[in-house]
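See below for the structure under consideration.
Quick note on labels: first sequence line is chain A, next is B, and so on, each numbered from 1. As the structure is a computational prediction, the values presented were derived from the model and not from experiment.
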Protein chains: 2
Amino acid sequence: MSERLPPRAERRRRTERHILDAARTLFAEVGFERTTIRAVARAAGVDPALVMQYFGSKQELFRHAAEAAPPPEEGLDADELVDHLLGTLDTKIGELSPGSLAMLRSMLTHPEAGAAAREALARQIDRLSAAIPGDDARLRAALMAVVMLGVTIGHQLLELEELRAVPPEEIARLLRPGLRALTGPEVS
Amino acid sequence: MSERLPPRAERRRRTERHILDAARTLFAEVGFERTTIRAVARAAGVDPALVMQYFGSKQELFRHAAEAAPPPEEGLDADELVDHLLGTLDTKIGELSPGSLAMLRSMLTHPEAGAAAREALARQIDRLSAAIPGDDARLRAALMAVVMLGVTIGHQLLELEELRAVPPEEIARLLRPGLRALTGPEVS
DNA sequence: CCCTTCGCTCAACGTACGTTGACTCAACGA
DNA sequence: TCGTTGAGTCAACGTACGTTGAGCGAAGGG
């Protein structure tokens, strides 16, 4: 009852964050199409109209909700790259950032989300290929990226028991030789 | 004008096939949610009500549309398995069967489709793991499956240029060491 | 103290969807 | 030939969606 009422600006920011949190959760759980503005608003405890007022459209809401942690692999050599990539399995598998998960889930049905996902993946391929020698570096980098993507989808979206039952390190151990092979034709 | 009108039964079957073809294409292109009965009917050149009359509901229509070629890997040893799996890249990459593609695209958003996809993948993991020695055979099989899944998604759904620009054999060549490594700890 | 600002709600709109029931009409069997 | 069947259409239903504009009420500045 005697709650410390925050000033307007902070109240506004807090509400906006509630909406974004709800949106991320729902986009991640059921994808773009099945997420409704009304459901987001209900989960955030506000009126649907407010969501529109803040973000303009469902598309824009998704754009804001999908903004999330950019991966930081740069200036590594091939072996470090593999280790770093496998290290991200921890995050990917333990708890994928809600923004990424939302994008991952939505990218296969929603056109704009798909474009955004493709772009993000292309950037990752750029960074990866920079650390790989050879003229087929981009192909190899792309394969590394989709391998990680497949594992993430199998784990997070399809929730395969086989993958969920073991620690990330075990998966990393099994995946390492294949990724190593992708970084270059040279043997060890 | 002097067209040979087929008997009722055949005409019926033909129409049904037209509807299923249209449904498969649309489910594959835009996923379950964004595919409308009306659009399917329009593409098949019939009335939306007829689609309902034949299949009862959109869910059932999807079920029928998603029924497609079951993969036949059985009774192979580990090395043959890898070769067979990589051989399927041809089909997966060249032209994924419309039923599978529909399921692949829809599985991440639509609950029932997701369950069906999970089941299909589980069956594949069963078959794969039968050809792999060791007590972590199922984990290894699951990883092989999701690696192939990732490549297929990258190629078919995300349409990565890097993957589309090269022949399947090239991709198979790069993937082989990793899959070999997954079939067992023994070195060659 | 009043007037403005602004976070927020309310009620409604137009639209598109899945689905239904009554209907039309050509093919069919007796 | 005539009644029956069944493929296919038509018009409509209820519902849920994204989105809008008017309005409320408390906070903030003069």
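Separating the CD atom of Gln59(B) from the C1' atom of dC17(C) is a distance of 14 Å, rounded to the nearest angstrom. In this structure, Lys58(B) atom NZ and dC17(C) atom C1' are separated by 8 Å, rounded to whole Å. Distance Arg42(A) CZ to dT9(C) P: 14 Å, rounded to the nearest Å. Distance CZ (Arg12(B)) to C1' (dG6(D)): 9 Å, rounded to an integer number of Å. Computed from coordinates, the Leu50(A) CG to dA11(C) P distance equals 16 Å when rounded to whole Å. Computed from coordinates, the Glu16(B) CD to dG6(D) C1' distance equals 14 Å when rounded to whole Å. In this entry the distance linking CZ of Arg13(A) with P of dC6(C) reads 15 Å, nearest Å. As a whole-Å value, the separation of Phe32(B) CZ from dC17(C) C1' is 12 Å.
The salt bridge (charged side-chain N to carboxylate O under 4.0 Å, His left out) search around Glu159(B) returns none, not counting sequence neighbours. Under the side-chain contact (heavy atoms from CB on, under 4.5 Å) criterion, Asp21(A) pairs with Arg17(A), Arg24(A), sequence neighbours left out. Every residue two or more places apart in sequence or in another chain that forms a side-chain contact (heavy atoms from CB on, under 4.5 Å) with Val40(A) is listed here: Ile19(A), Ala22(A), Ala23(A), Leu26(A), Thr35(A), Leu61(A). Judged as a side-chain hydrogen bond (donor to acceptor under 3.5 Å, both in side chains), and not counting sequence neighbours, Arg13(B) has no contacts. For Arg38(B), there are no salt bridge (charged side-chain N to carboxylate O under 4.0 Å, His left out) partners, not counting sequence neighbours. With sequence neighbours left out, the salt bridge (charged side-chain N to carboxylate O under 4.0 Å, His left out) criterion links Glu170(B) to Arg173(B). Contacts of Val147(A) classified as side-chain contact (heavy atoms from CB on, under 4.5 Å), with partners at least two apart in sequence or in another chain: Leu179(A), Val147(B).
Using a 4.0 Å heavy-atom cutoff across all strands shown, Phe55(B) reaches no nucleic acid atom at all.
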Report the C-alpha separation of Leu149(B) and Leu149(A) in whole Å, then their side-chain angles, then the decisive distance to 0.1 Å, and conclude whether the side-chain contact (heavy atoms from CB on, under 4.5 Å) test is met.
CA-CA 9 Å; Leu149(B) 178 67; Leu149(A) 179 67; over 6 Å; no
Give each protein N/O atom lying under 3.5 Å from an N/O atom of nucleotides 21-23 of chain C, with the pair distance.
none

I'd like a list of close polar pairs between nucleotides 12-16 of chain D and the protein, N/O only, cut-off under 3.5 Å.
none

Pick out the pairs of N or O atoms, protein on one side and nucleotides 2-5 of chain D on the other, that lie under 3.5 Å.
residue : atom : partner : partner atom : Å
dT5(D)  : O2   : Arg8(B) : NH2          : 2.6

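For Tyr54(B), the listed nucleotide lying nearest its side chain is dG8(D); candidates were dG7(C), dG8(D), dT19(C). Side-chain proximity of Arg11(A) to the nucleotides dG18(C), dC8(C), dT19(D) is greatest for dC8(C).
One N or O on the side chain of Arg140(B) and one on the backbone of Leu182(B) form a donor-acceptor pair closer than 3.5 Å.
Comparing Asp47(B) and Ala9(B) by the nucleotide of DNA chain C whose heavy atom lies nearest to each, the residue mapping closer to the 5' end is Asp47(B).
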Pairs under 3.5 angstrom only: tabulate donor-acceptor contacts from the side chains of residues 46-54 of chain B to other protein residues two or more places apart or in another chain.
residue  : atom : partner  : partner atom : Å
Asp47(B) : OD1  : Ala49(B) : N            : 2.8

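Not one side-chain nitrogen or oxygen of Thr15(B) sits closer than 4.0 Å to the OP1 or OP2 atom of dA7(D).
Applying the ring-ring contact (aromatic ring centres under 6.0 Å, His included) test to residues at least two apart or on different chains, none of the pairs has a partner in residues 162-183 of chain A.
Ring geometry for Phe27(A) versus Phe62(A): interplanar angle over 60°, hence perpendicular rather than tilted (30 to 60°).
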